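Reading through the structure tokens given below for one structure.
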Amino acid sequence: MLRLSVLTRFLHASLNPLRSKTPQFTDGTPMSGPVTRFAPSPTGFLHIGGARTALFNWLFARRHGGRMLLRIEDTDRERSTDAAIREIIDGLSWLGLTWDGDVVYQFARADRHAEVAAELLAADKAYHCYATPEELVEMRETARAEGRPPRYDGRWRDASAAEVAAAQARGVKPVVRLKAPREGETVIEDAVQGRVTFPNKDLDDLVLLRSDGTPTYMLAVVVDDHDMGVTQIIRGDDHLTNAARQTHIYQAMGWDVPAMAHIPLIHGADGAKLSKRHGALGVDAYRAMGYLPEALRNYLVRLGWSQGDREFFTTGEMIEAFDLRQVHRSPARFDFAKLENMNGHYMRAADDAALTQALIDTLPYLAGRATMAAALDDAKRAQLLAAMPGLKARAKTLNELAEGAEFLFARRPLPMAPKAAELVAKGKAHLPALHARLAAAPEWSAAATEAAVRAEAEATGAKLGDLAQPLRAALTGKTTSPGIFDVLDVLGREESLARIGDCLDGAVA
RNA sequence: GCGCCCAUCGUCUAGCGGUCUAGGACGUCGCCCUUUCACGGCGAAAACAGGGGUUCGAGUCCCCUUGGGCGCGCCA
């Protein structure tokens, strides 16, 4: 199921147990520039906060001519799924956040993690702990009751041989814990958070290996980040305390601690961390809502990061301007209204052909657009492209774009929206004459049909709107659409006249 | 409870001791444009959480309070 990646093999072969002085990539080229990594756990979809973390890692690597690695943290065998892995990779690809090298699967590296734990044990920097789950619970409760942080008390840290023998005799399977420093403090120099200090007495002896011998997350991240040559860790600030504990592992192994940057989480409208109760969504959901990846990227980068008053950044500008030091320490709330506005900007600025293609490519992901996708042929594509200027000005998402394009795909006799039927009924008196004038138009173009309709307005003294509205309803079955002369043009003479004709002989409305 | 982090319009933010009667963007509300709806243009309402310091001078520095967030597993 989960394969051992080439990079993982490579790391085993050449970097263990100690990293070589001049690390190389699989192809033999020397590493240069910073190395970042995005390390999601495949226990759910790639949520929007993870996407932003990936973006920042990607921008940082690009900005400094480095590389971004992708590591799947699948050590939780119960909750990790292949489907989640596929979604993460799919989501990153859709967003255009490419990683360098092969994907590293953390679980595949369990042996190496255990090896490091053994080293630590041998160096007396770790020890076996035989405390039972019940004892641990009790410990935490006592600590809390006494106003202390709920921590492991280190009771097996200096256990005697006799005590160990007794526990073994009882058949207790031990975990391996790190001998963390108990005095002094641990300092994190964080690019975003600044200098953060933790008193070591508040950090306990974390578990490195579970009683079944599998590595914990704490051990695995440190070993993998080290082996993969990660120089800059950029992750959510929910990991800030972990950074201190992980520092202890680095120190115990005598490894360099990578530079850190803990970025604030994205919050929901209520100010709390995005979660299921907010209806937290995977990035695939944003695609399904019709957002453009470049718009989502732009929105995301401006969440908690800014360059003066600037709102819009092309990808190149983003890379050039990105600086971790300008990332804010306070969490930002996710605002759909602004995302939508930004998406609208991107759509209007998009090239018509490119946007048409984007819509077509996205159709399979949009809800209820199967028939539209099925009806697509060269003629429809051409119509879509021709209508695009009028369509894109009226849409903020690809969904709205598809909705606006419905009239192109509608079959006669047209389904009429109630309000549209009213308009047809109200303007019925004008329709026969309009039909006649349009039929007599010397050529079929927006200019020619406009001339015909204006001539009718002049002849009858009606306002243009009195004629255009019923016409719009007859042609599109809706009350809103692009400019009516553009609609006529795109639909073509035959179809236009037929749709108007349907309203005359009562086929519709 | 303990630890850490944060605090400018409803939201995203500019501001890095004087140029702040606090700027921009989204949203909201008007007006204009107009064949609908949009787009676009113009305009309006809207914020320095509170209290102490430091300083000639504080949105900007320090402290406290309050509020919010995150963390505290043999999860990641």
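If you're wondering where the values come from, they're calculated on a predicted model, not measured in any experiment. Residue numbering restarts at 1 for every chain, and letters A, B, ... go by the order of the sequence lines.
Remark: the Lys396(A) side chain and the A38(B) base include no donor-acceptor N/O pair separated by less than 3.5 Å. The base of G71(B) is not paired with the side chain of Asp238(A) by any donor and acceptor separated by under 3.5 Å. At a cut-off of 3.5 angstrom, counting only N and O atoms as typed in the model, there is no donor on one side facing an acceptor on the other between the side-chain of Arg394(A) and the base of C39(B).
Looking at heavy-atom distances under 4.0 Å, Pro264(A) makes no contact with the nucleic acid at all. If you check every strand for non-hydrogen atoms under 4.0 Å, Ala243(A) touches nothing. Here Phe334(A) lies out of heavy-atom contact (under 4.0 Å) with every strand. Heavy atoms of Leu240(A) sit under 4.0 angstrom from primed sugar atoms or phosphate atoms, though from no base atom. Among the protein residues, Asn242(A) comes within range of the nucleic acid bases, having at least one heavy atom under 4.0 Å from a base atom. When heavy atoms are screened at a 4.0 angstrom cut-off, Thr214(A) is found touching no nucleic acid atom at all. At a threshold of 4.0 angstrom between heavy atoms, the contacts of Met342(A) with the nucleic acid are absent. If you check every strand for non-hydrogen atoms under 4.0 Å, Arg333(A) touches sugar and phosphate atoms only. Counting non-hydrogen atoms under 4.0 angstrom, Glu73(A) reaches the backbone sugars and phosphates but no base.
Dashed line: the shortest gap from a side-chain N or O of Arg177(A) to OP1 or OP2 of C74(B) is under 4.0 Å. Side-chain N/O atoms of Arg140(A) include one lying less than 4.0 angstrom from OP1 or OP2 on G73(B). Between His239(A) and G71(B) there is no side-chain N or O to OP1 or OP2 distance below 4.0 Å. A sub-4.0 Å separation between OP1 or OP2 of G27(B) and a side-chain N or O of Asn341(A) is present. Proximity of Thr241(A) to the phosphate of G3(B): no side-chain N or O atom is located under 4.0 Å from OP1 or OP2. Here Thr43(A) does not reach the OP1 or OP2 of A76(B): none of its side-chain N or O atoms lies under 4.0 Å away.
Remark on RNA chain B: of its neighbouring residues Thr479(A) and Arg52(A), the 5'-side contact belongs to Arg52(A), judged by nearest-heavy-atom nucleotide.
The Arg472(A) side chain lies nearest to U35(B) when the options are C26(B), C74(B), U35(B). Across U35(B), A76(B), C74(B), the shortest atom-to-atom separation from the side chain of Val207(A) is found for C74(B). Here the side chain of Ala337(A) is nearest to one of U35(B), U13(B), G27(B), namely G27(B). In the set C26(B), C74(B), U13(B), the nucleotide with an atom closest to the side chain of Ser211(A) is C74(B). The side chain of Ser41(A) sits closest to A76(B) out of A76(B), U35(B), C6(B). In this structure, the nucleotide among U35(B), C5(B), C37(B) sitting nearest to the side chain of Thr480(A) is C37(B). Side chain of Phe198(A), nearest nucleotide from C26(B), G23(B), G3(B): G3(B). For Pro150(A), whose side chain is taken as the heavy atoms from C-beta onward, the closest listed nucleotide among C72(B), U11(B), A76(B) is C72(B).
Summarising the geometry, the separation between NE2 on His328(A) and C1' on G68(B) is reported as 18 Å, rounded to the nearest angstrom. Rounded to whole angstrom, the span from the CD atom of Gln469(A) across to the P atom of U36(B) amounts to 7 Å. Spacing between atom CD of Gln193(A) and atom C1' of A7(B) amounts to 14 Å, rounded to whole angstrom units. Rounding to whole angstrom units, CD1 of residue Ile88(A) and P of A76(B) are separated by 15 Å. The OH-P distance, from Tyr152(A) to C74(B), rounds to 10 Å in whole Å.
Pair assignment for A25(B) gives U11(B), based on Watson-Crick or G-U wobble hydrogen-bonding distances that are each under 3.5 Å. Nucleotide G18(B) is matched to C56(B) when pairs are restricted to Watson-Crick or G-U wobble geometry with both distances under 3.5 angstrom. With a cut-off of 3.5 Å on both pairing distances, the Watson-Crick or G-U wobble partner of C2(B) is G71(B).
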Write out a two-atom table: protein N or O, nucleotide N or O from nucleotides 40-51 of chain B, distance below 3.5 Å.
residue : atom : partner   : partner atom : Å
G40(B)  : OP1  : Arg348(A) : NH2          : 3.4

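In this structure, Arg302(A) forms no cation-pi arrangement with Phe313(A), as its terminal cationic atom is not both closer than 6.0 Å to the ring centre and no more than 45° off the ring axis.
Spacing of C1' atoms, C9(B) relative to G59(B), comes out at 13 Å, to the nearest Å.
A salt bridge does not link Arg195(A) with Asp190(A): every distance from a Lys NZ or Arg NE/NH1/NH2 to an Asp or Glu carboxylate oxygen is 4.0 Å or more.
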